[in-house]
Structure formats: C-alpha cells, structure tokens
Protein chains: 2
Amino acid sequence: MTEKQTEQKILDAAREIFMRKGMHGAKMQEIADEAGINKALLHYYFRSKDKLFDRIFQEVFGQLFPKLQILVDATKSIEERVQIFVKEYMTVMQQNPFLPLFILHEIQRDPDSLHERFTSTGLQPEIVMQGMSASLDMTVDEVKMFLVNMLSLCIFPFAAKPLLSRILYAGDDKAYDSFLEERKLSVPEFILNSLKNQ
Amino acid sequence: MTEKQTEQKILDAAREIFMRKGMHGAKMQEIADEAGINKALLHYYFRSKDKLFDRIFQEVFGQLFPKLQILVDATKSIEERVQIFVKEYMTVMQQNPFLPLFILHEIQRDPDSLHERFTSTGLQPEIVMQGMSASLDMTVDEVKMFLVNMLSLCIFPFAAKPLLSRILYAGDDKAYDSFLEERKLSVPEFILNSLKNQ
DNA sequence: GTCTATAAAAGGATAGAC
DNA sequence: GTCTATCCTTTTATAGAC
C-alpha cells in the first residue's frame, strides 16, 4: 500500500542524482541509497535505468520549455513579458541548480530523443516562433537573435556557476548568488535597452 | 621509437572521445579504437583513465581561459578588444563544438580540481579581474556584469546547439551555423551598444 | 613498445524467499 | 511490495609473451 510513497521516493532520488551526475555518471546503487531502498526495488518499479532516466528527463524538460509561452501572451507589453520571463526562468534555476547543464548535456548525448520531448509537451517549436514573431512585432530572424540572447543571459550564468563563482568571487557561492539575484533586474534592462537603440 | 607518435595518437583520440561524451560516458575501449591501438597500451602510457582524463582536461581548459587576457590589453580600444575577443572565442568553439559543454560539465562534476587548473595556466582570476577593471575603466562590479554577459552570449549558443538548431531551424545545422557566424558581428554590437546607453 | 589473455571490479538486472 | 543473494555484462586494469 505504500506504493505511491515508494514510487515518489524513487523519483525524487532519481531526479536528484541524475541531475547532478547525468545519465552515465549516476549509478543505480546511489539512487537506491538516496531513496532509502535497494536496487532490486528500483527495477521492480521502473524495469531499467533507461526507463527511469527517460521518465525524469521528460519531467524536467517539460517544466522549462513551455515557459516560452509567456513571450507570446499578447495581453502584456513586451517589457512586461521579458521581465516576467526572465524572472520566472531564473527562479526555476535558482531552485534547481543542476537543471540547465543536465538538460544541455543529455540533449547533446542523445539529440534524437528531442523530437518526442517536444511533442510530449504539446508545443511545436515552429508555432511558438511564429507566435513570438507576430506578438513581438519582429521579423522571424530578429526573434531568433532576441531569443538566443535572452536565453544565453538567463541560463549560462547558472550552467557556469562553479566556474564563475570561482573567477568572479574567489569561490564565494553566497556572493555569486547575490550577483544572480541582481541579474533578474539587470538582464531585462539590458535586453530591452538593446531593442530600442538599434 | 614511435613513442611520440603513439602518445600523440592517444591524446588526439582521448580529446575527441572525452569531449564528446565526458569522463563517464567515454570508455577506454573506444579511445583505444579511435587511436588504432589496444587498451593495454593506453594504460602503458597513462596508467589510468583518471590520469588520461586529467591530462586532456588541463590541455583543453588552458586553451580557453587565457584568452581573457585580450580584454586587458590597453593598447587597443574597448571596442576593438570586445570585437577581437568575441571573434576569437567563437571561432575556437566553431572548431571544437563539444568544448563548452565539456568544460562546464566536468567542472561541475569535480569543482575542487579547478584550483590546480588555474594555477597551471599561470593566471590568477583576481589579477585578471583587476586588470580588466583598470583597463576598461569600470568598477569591479560593472566588469563582472559585463564579463558574464559577454561570456553568456558567446558560449551558450554553442553549448545549446543541438537544442537551439531544433527550435530555431527545425534541426537544420547548416542554417544554425550561419546564424552563429552572424553573431560574431552582432554580439559585439549588442554589448557595446549597451555600454553606451546605460 | 605493443600485443593477447585474463584478472578484478563495478554496475545493471533477475530469481526467489518472505 | 520489499528484501537478499546472485547472475551477467561491461569496463578498468594488469601479467606476461613477443
């Protein structure tokens, strides 16, 4: 009867370990330990490491990609949309420090799996791009440059945290966290400013 | 007498495989195959996977970090320095598509090893930061924001290539490569523009 | 220096008892 | 549903012949 409990414990543990170490770096034993159970039970619930990993990746990816919809919401001004998007995106990553690198690394490891991921979110990249073009009043090329700039500025500082906190703050993670918090405001300014002056 | 030849073949193969798959994803067998030798010889030259990996990582990291020096070169204008830095940085990554994610992932896997990496390049992060502050005529805080913005805009589009080429160009890698080429010019504009209008 | 063969260890997966 | 014990494969590492 503790079915849901155990399944949830496994999923929590797997998310933690997979995100930290990636598919290959993570070991079933470690996930079992983290969940407070043994390896056999992992297989009982999820048959194989591959299947367990798939489940986690899908969950994690689905949490981030759909946020692009914020940028299509025509009821808000462009300024507002950018501010909200940046803030929400960065907040998710503050709460899941390993998320960005996990996604990037695993997509590189197995790019072919991406297609199913997209369809499982119910969002088509092409449609989202067109929606942004129309609602931001930009050409499609401008949208692409704009989008990549914004994602770069939001995501990279988290992906590179272990490196940058060392370079910029001599390894003081707390100081680097403040720096990131500050960026929630400065990044939208930076982006919107560049839209005006081009 | 083929000593140097073989060692070099191993290093080339190891760089290739490690960069593509990371420490855990790479297998000694695969590296041996790529080098056209057998596993035993790998161990003869480098004793263990760990030691071989260390050697590669040090090499690769040492190739990128010192480029920050470009930004300290006071004989050039700020505009020039940014243009040169962005172009050189992005060119290195065009030639080594797996480089950015490799470095970010492995630093996260073992952040403690970073200290030796820095010292082995002979560059101290603190000194570089101060040099930039003086020669760019910014406060240290401004330098940090500026530097992270620039690195984000240069590196992330490469790290996320498999994802972004799918979102932006329906998986057409050639089209995405053109997009990246275009950014060698647009990124410096973007950055310099924001410095003026703040 | 380079190879074949093999040891030794780790890790994923299953059988079977409870 | 959960555990212990065990199997099987993969992978790292070494021994020893050439």
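A, B, ... follow the sequence lines: proteins, then strands. Residue 1 opens every chain. Because only heavy atoms are used, hydrogens play no part in the values below, and waters and symmetry mates are left out as well, while side chains stay in.
For C:dT4, the OP1/OP2 oxygens have a side-chain nitrogen or oxygen of B:Asn38 closer than 4.0 Å. Between A:Ser48 and C:dG12 there is no side-chain N or O to OP1 or OP2 distance below 4.0 Å.
In this structure, the NZ atom of A:Lys51 is 13 Å from the C1' atom of C:dG12, given to the nearest Å. As rounded to whole Å, 15 Å separates atom P of D:dT14 from atom CZ of B:Phe46. At whole-Å resolution of the value, CG in A:Asp50 and P in D:dT9 are 17 Å apart. Taking atom NE2 on A:His43 and atom C1' on D:dT2, their separation rounds to 15 Å, with Å as the unit. Taking atom CE on B:Met28 and atom C1' on C:dC3, their separation rounds to 16 Å, with Å as the unit. Rounded to an integer number of Å, the gap from A:Arg47 CZ to C:dA13 P is 9 Å. Taking atom CD on A:Gln29 and atom P on D:dA5, their separation rounds to 14 Å, with Å as the unit. B:Lys49 places its NZ atom 14 Å from the P atom of C:dA10, with the value rounded to the nearest Å.
The line from CZ of A:Phe57 to OG of A:Ser113 is 5.5 Å long, rounded to the nearest 0.5 Å. Expressed to the nearest 0.5 Å, how far CG of A:Leu163 lies from OH of A:Tyr176 amounts to 8.5 Å. We find the CD-CD distance between A:Glu189 and A:Glu79 to be 12.0 Å, quoted to the nearest 0.5 Å.
Remark on DNA chain D: of its neighbouring residues A:Tyr44 and A:Lys39, the 5'-side contact belongs to A:Tyr44, judged by nearest-heavy-atom nucleotide.
If you check residues 9-27 of chain A against DNA chain C, the residues with a heavy atom closer than 4.0 Å are A:Ala26, A:Lys27, listed by number.
Relative to the ring axis of B:Phe53, B:Arg109 places its NZ or CZ within 45° and under 6.0 Å from the centre. For the pair B:Lys144 and A:Tyr169, the cation-pi criterion (under 6.0 Å, within 45° of the ring axis) is fulfilled.
Between D:dT2, D:dT4, C:dT2, one nucleotide has an atom nearer to the side chain of A:Ala40 than all others, and that is D:dT4.
Applying the ring pair (Phe, Tyr, Trp, His ring centres under 6.0 Å) criterion to B:Phe158, with sequence neighbours excluded, gives no partner residue.
Side chains of A:Gln58 and A:Glu116: a donor-acceptor N/O pair is absent below 3.5 angstrom, by distance only.
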